[in-house]
Structure formats: C-alpha cells, structure tokens
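Worksheet: the structure to be examined is printed underneath.
Keep in mind that the numbers below use all heavy atoms, side chains included, and drop hydrogens, waters and symmetry copies. Counting from 1, the numbers follow the sequence of the chain as shown.
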Amino acid sequence: MADRRKFLQQSALAATGVLFFPHFMKAGVPPSSRVVIGVVGTNSRGAYLAELFAGMQGVEVGYICDVDKQVLEKTIAAIQKQTGKKPKGYTDVRKLLEEKDLDAICIATPDHWHAPATLMAVQAGKHVYVEKPCSHNPAEGELLVAAAVKYGKLIQMGNQRRSFPKVQQAMQELKNDVIGRVYFAKGWYAANRKSIGKGKPAAVPSHLDYELWQGPAPRTAYRDNLIHYNWHWFWNWGTGEALNNGTHEIDVMRWGLGVDYPTKVVSAGGRYAFNDDWETPDTQTITLEFPDRKAMLWESRSCNPHTVEGSGRGVIFYGEKGTMVIPGGDDYQVFDLDNKLIKKVETEIGKIDATNTVGMGANLDTIHLHNFIEAIRKQQVLTSPILEGHKSTLLAQLGNISWRTGRVLNCDPQNGYILNDKQAAQLWHREYAKGWEMKL
C-alpha cells in the first residue's frame, strides 16, 4: 500500500507539472485533437494509468470500467478530484464500447481479459493501449495482430521500455557495434512476494461481479485468496511471473539481439519458496535459442529479492567486444572485455523504483502513454505496435509451455510454432467459457 500511495502521489504531481516531463508533453493541444479514453480495470495499475492519462494535455479520461463497484467508485472520485470532471462509470466493458465519443481504451484487467477486451474494442472502432502481456496464450496474440490490420486500429502494448529515450539510445549503440556482434543476453527479475496460503471457498463480495470478472475464462468457484492480485499465479487467469514481469526484460533482450522467433526453448523451476495454492513457478529460468548463433536467458526469483548489478531487474548483453548492462530503468553502462567501464549513460527523467508493482515512476511511464496518444493524433509512430508486443509475449509463453510440459520445445523460426509435440502445441490455445470464444 505504501508503494501504491507513493506512485499515485507522483502521478497527481505529474498532472500539475511539478515532476519533470520532456518539453513535448507540455505543448498545447488544439481542442480538435482531444482524445477521450476509457480505462478498464482500475484496482491498482489501472488507477495509476488513469491518473497519468488524465494529467496529459488534450486527453480526457471520460470513462472508468471495473467489475468491482468499490474500485469503480474510488477511481471515478480520484479522477474527478484531479480534473474537476466526473467520468462515467461502467462495470461491463461491452457497454462501455458503445460510447460514440470514446476514442480508445486502456486495459489493465487480469491477463485473461487482455486479448478478448482488445479484440472487442478494435471491432467497436476504438484504439487500444493494453498492459503486458497482450495475450493469455499465443493464439490470442496472433488474433490481435490480425485484428489490428483488419480493423485499422492501433494496439499498443505496455512494454514501456520501448519508449525510454536512453534505452532507445542503447539499442542503437548495439546496432552500431558498441560491443561487437551481440550473441547472448541475460535478463532477471527478483522480488519478495509472500505466500498466498491455502484458499477457502467463500461468498462472493456483494460489490464484485465475479461472473463478469471471470468473463472468457472457464468457470471456477470463488475463493478467498484470488482477487484482486493473486490471480496472477493461477493458470486459468494469470500467466505467472514470466509474463507478469519477464515480458519487459524478454522484450528488451529480443530488441537488442535483433531476433524474432526461436528455434529452441527450455524452462526449469517450480514453486519452491512456499507450499500454498500458487500454481505458476516462483523460481524459473527460460532459455531461448535463435538463428544466427544467438540466445537469451531470463531468470525469475519471485520470492528472493537479492539484486543483480544493484537492481531487482534488468538486462545484460554480451558481445564479441564487450558487455552492456541496462539495470532495469533508463540507464546503461558499457564495459570492454577487460571489464573496464568505458561508458555510463544516466537518465534525465528521474529516479525509478524498478520492481514496484504499480509502476516504476510517472515520468518514465508517461512517455509510453504519450506515444500512444500522439500515434492516435498521427503525430508519432507507435514504439510498440502489437506485432512487436506479440513476438515478445510469445517468447515468455513458450517458456511457460516448456515448463508446464517438462520438455524442450523445438520451434519454427519463421513464426514460433511448436514442432513435433502435440501435447505442447495444445497449449498454444486455451479453453473459453461458452459464448466467450474470440472470433476475428
């Protein structure tokens, strides 16, 4: 809760201009360029994003949508206090999408809702900013890529580092051979998550529409250790730490290595720290091999926060002439083969809290949101179009499929499809509740 209060305070300050923002975010916006946003899923990250959007020039958070009435009312009140205008509230995203003046939605729901809500939105003529992961399974990601083309709408995934100016600079330096040919990358995430215990059947709280919360997912009975956060660790709704956080590092590693789809994937790990209801691994490694003699490794320690390179998350690139370290935010260092520091680049946009569960800081997070808004206005190109978001999400999903089957996956480097393994290939898709199937 302390983390949440700190970040919401930062976002409120951002709205008043107290925090530093690049000059292009302060420029006046003509009324004709106003963008109306609806934010869907606002218990934590979504509330933070709503306040960041509301603080941007020419952006109106006109709608809030959440299946929990208490959360809905709280977010509406917060935006009204911030802007002086009360957003309209919805519990059902399908009703929200009928609003004629709605330009785009921001999706920060549980993972099982990300792709279905995105597809509904573009079919309704709305642009979408969807938090990572963009999909619960690979087939959903493929559908979103096709939907963006078919319906002509923007879909931006929340892999914010694609918009960080120093990370962009670092990627350009890698392309310019600052460490020679880059052939291996290592990423990590380390946190101090506690046990979720053994859940018990319980009555659904009166303020929660649990039927709508489940939405596309097959139905299960309500339990007392699921909502609002622990769904991350159950396969029916969540995708584990690999997609909850690993998507960020895997995306940067794929970017820096210049790769798309793997040839081989293997994952190891388990629920090692506690004996509870948590289904996904709390400790996990995912190794991916690619064409042209390149590979990456991602390591998760959800319950041990010991840092690497002084950060709870980050990426290291290894090349023929040296090493580049990006320790979680918008900074990087370059070392030669004698481990001598030859370059250190620091962000100009403020300090970060790399493993905060709400966000790393309003200054950096807002850059990615700004890119989305300016792309709607046709003033910028998306830094993370859905095809790129899907490719990076897929790598983490393949890691989870390898872990769940206990086998090495051989993949088609043209599209990532799993070869010669029918059991693993079945996890490319998921089962949906009747009537909730995704259709392009």
Which of these passes side chain to side chain contact (heavy atoms under 4.5 Å, CB included) with V265: L398, I418, T287? L398
Between [X] and [Y], is any pair of side-chain heavy atoms under 4.5 Å apart?
X	Y	result
V345	D331	no
I386	C134	yes
D282	E241	no

Polar side-chain atom of [X] near backbone of [Y] as donor-acceptor pair, under 3.5 Å:
X	Y	value
W298	A242	no
E437	G435	yes
S267	I286	no
D68	N43	no

Look at atom [atom1] of [X] and say whether more than 12 heavy atoms of other residues, nucleotides or ligands are closer to it than 6.0 Å.
X	atom1	answer
N275	CG	no
E431	CD	no
K81	NZ	no

Among all residues two or more places apart in sequence or in another chain, which pass the side-chain hydrogen bond (donor to acceptor under 3.5 Å, both in side chains) test with Q214? none
Which atoms form the tightest heavy-atom contact between M438 and L119, and what is the distance? CE-CD2, 3.7 Å
The complete set of salt bridge (Lys or Arg N to Asp or Glu O under 4.0 Å) pairs with one or both residues in residues 162-176, sequence neighbours excluded, reads R162-D251, K166-E348, E173-K343
So the salt bridge (Lys or Arg N to Asp or Glu O under 4.0 Å) pairs with at least one residue in residues 138-156 (sequence neighbours excluded) are none
